[in-house]
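Throughout, protein chains are lettered first and strands after them, A, B, ... in sequence-line order, and every chain is numbered starting at 1.
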Protein chains: 2
Amino acid sequence: MSLHRDDVIDAAVQILDDYGLGDLSMRRVADVLEVKAGALYWHVANKQTLLAAVADRILGEVPAVDPAVDPGSALSAWAHGLRGVLLAHRDSADLVATALASGLCRADPLVRLAPVFGGAAGAKVARWSSGALLDLVLGAVAREQNALLFAQLGKSVAADSGDQARAFSHGVEALVRGLLAADLDVKE
Amino acid sequence: MSLHRDDVIDAAVQILDDYGLGDLSMRRVADVLEVKAGALYWHVANKQTLLAAVADRILGEVPAVDPAVDPGSALSAWAHGLRGVLLAHRDSADLVATALASGLCRADPLVRLAPVFGGAAGAKVARWSSGALLDLVLGAVAREQNALLFAQLGKSVAADSGDQARAFSHGVEALVRGLLAADLDVKE
DNA sequence: ACCTGAACACCGTTCAAGT
DNA sequence: ACCTGAACACCGTTCAAGT
């Protein structure tokens, strides 16, 4: 039985979860699959593409926005859901952020998010709002994960995880509130 | 005349500005200084420390918060100021974000920012608010810069820079508004 | 005090050659 | 179709040895 693209992505996710982004090299992925590094390039164009596929895997785990609740709750629940998934995969915030920017991801979180803001302020503003929420979540979780990374290296003290969660909530609630208020301004 | 620590940082900033983070290697820095790579380790502990020093350089260019204006304007002006400085140094948002998380930076943007939120909601909440604003700015500019990076590689289309500025403003105004409103809630 | 030379253990990627 | 072997042009870091 020969290797398939999904096996390569599986192995990459496994290394990411167990050892972090710094150890996620093509050679390490090849080792896990008991194959030589060059073989990977039959299944994957390059490392960048592989990382985008990993990002797609991770983004696929994010719970969809709930259309049954009010916009404020739906957006905040989505943000917390995304944070949860990111925290489950080491260094994933950085990875997802750059993968999304690369344009190589299939997933686009904004298409699910923008409709929640309604068409009141226009589709463009809805995308801006979604983008801001995504930026805040990725930025905040990236900081949490990087701090964790350096804490494990003994370079600094680990922050209290309850405090980090409260700080995250604080920022997300404020942004969601401000974004929805801005939308109301435009509607009038 | 022998090399000094500042010369090493200068060279690093120059490479960052001219060629980006991907080309910022110890060997390239050494080349610019017409010296062998090993020599750098006399002036700098390692690459991580050098990157933190570069981040400090960049953060030093950020205009201080203006205490004369109202909090909302001061915070939004600071955010735009930070964005301007980051955009002037290629890939700097990513670099600054990880450098800050490493705990190796001397600069701490939050100490200047937290007082603007006032003690109304407590010092801890003020730090959370400052952190959220910093996360949003770093996240948003990182996305802009990464998109630019991949656009230059011909992988995707470059976004309109006016639109990016408006999107940034939209997010920042909303967050600032929401954070200040949350502070008021606590004060009552 | 400050730098070179040379090594060590790595990278991503390519590609002829094998099966 | 799928993989190996071997190479190419790189990395960060260390450290004896030079001046």
Side-chain angles (χ1 to χ4, degrees), chain A residues 1-16 18-55 90-91 94-95 98-99 101-102 104 146 149-150 152-155, chain B residues 1-16 18-55 90-91 94-95 98-99 101-102 104 146 149-150 152-155:
Chain A
M1 256 305 287
S2 73
L3 219 56
H4 278 93
R5 193 170 199 272
D6 280 333
D7 304 323
V8 179
I9 304 170
D10 282 343
V13 172
Q14 190 194 311
I15 294 177
L16 183 71
D18 294 351
Y19 303 96
L21 193 55
D23 285 15
L24 179 39
S25 70
M26 297 301 270
R27 287 172 142 96
R28 288 281 296 257
V29 171
D31 282 350
V32 168
L33 298 169
E34 290 179 305
V35 97
K36 299 295 169 186
L40 299 180
Y41 290 83
W42 182 262
H43 305 281
V44 141
N46 48 37
K47 188 180 181 182
Q48 204 179 126
T49 315
L50 174 56
L51 292 182
V54 170
R90 193 142 37 173
D91 303 334
D94 264 336
L95 183 144
T98 68
S102 78
L104 262 44
N146 279 327
L149 183 79
F150 290 108
Q152 254 139 17
L153 266 84
K155 314 292 282 188
Chain B
M1 257 304 287
S2 74
L3 218 56
H4 279 93
R5 194 169 198 273
D6 281 333
D7 303 324
V8 179
I9 304 170
D10 281 343
V13 171
Q14 190 194 310
I15 295 176
L16 183 72
D18 294 350
Y19 302 97
L21 193 55
D23 286 15
L24 180 37
S25 70
M26 296 302 270
R27 286 172 143 95
R28 287 282 296 255
V29 171
D31 282 350
V32 168
L33 298 168
E34 290 179 304
V35 98
K36 299 294 169 185
L40 299 182
Y41 290 84
W42 183 262
H43 305 280
V44 141
N46 48 37
K47 188 180 182 182
Q48 204 179 124
T49 316
L50 174 56
L51 291 182
V54 170
R90 192 138 44 170
D91 303 335
D94 263 337
L95 183 144
T98 69
S102 78
L104 263 44
N146 279 327
L149 184 79
F150 290 109
Q152 254 137 16
L153 265 83
K155 313 292 280 189

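Between C:dT13, C:dC2, C:dC11, one nucleotide has an atom nearer to the side chain of B:Ser2 than all others, and that is C:dC2. Set against D:dC11, C:dT13, C:dT4, the side chain of B:Ala39 has C:dT4 as its closest nucleotide. Each of D:dC11, C:dG12, C:dT4 was ranked by its minimum atom distance to the side chain of A:Met26; first place goes to C:dG12.
Proximity of B:Trp42 to the phosphate of C:dC3: no side-chain N or O atom is located under 4.0 Å from OP1 or OP2. Between C:dC3 and B:Lys36, no contact under 4.0 Å exists linking OP1 or OP2 to a side-chain N or O. For D:dA1, the OP1/OP2 oxygens have no side-chain nitrogen or oxygen of A:His43 closer than 4.0 Å.
Taking 4.5 Å as the limit, every side-chain heavy atom of B:Leu149 sits out of range of all side-chain heavy atoms of B:Leu21. With a 4.5 Å cut-off on side-chain heavy atoms, A:Val32 and A:Asp10 do not count as touching. Contact of the A:Leu24 side chain with the A:Asp91 side chain is not registered, since no non-hydrogen atoms from C-beta on lie closer than 4.5 Å.
Rounded to an integer number of Å, the gap from CG of B:Leu40 to P of D:dT14 is 13 Å. Between B:Asn46 atom CG and D:dC11 atom P the separation is 17 Å, expressed in whole Å. In this structure, the CG atom of A:Leu33 is 10 Å from the P atom of D:dC3, given to the nearest Å. Between A:Asp7 atom CG and D:dC2 atom P the separation is 12 Å, expressed in whole Å. Between the C1' atom of D:dT4 and the CD atom of A:Glu34 lies a distance of 15 Å, rounded to the nearest Å. Rounded to whole Å, atom C1' of C:dG12 lies 12 Å from atom CG of A:Leu24.
Across all strands shown, D:dA6 pairs with C:dT14; the Watson-Crick or G-U wobble distances both stay below 3.5 Å. In a base pair of the Watson-Crick type (N1 to N3 plus N6-O4 or O6-N4) or a G-U wobble (N1-O2 and O6-N3), with each distance short of 3.5 Å, D:dT19 is matched with C:dA1.
Between B:Leu3 and B:Arg27, the one whose closest nucleotide on DNA chain C sits nearer the 5' end is B:Leu3.
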task: Go through the steps to decide whether A:Leu40 and A:Leu33 satisfy the test side-chain contact (heavy atoms from CB on, under 4.5 Å), and finish with yes or no.
output: CA-CA 9 Å; A:Leu40 299 180; A:Leu33 298 169; 3.9 Å; yes
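Side-chain N or O atoms of A:Asp7 include one that pairs as donor or acceptor with a backbone N or O of A:His4 at under 3.5 Å.
For the C1' atom pair drawn from C:dA9 and D:dC10, the interatomic distance equals 13 Å after rounding to whole Å.
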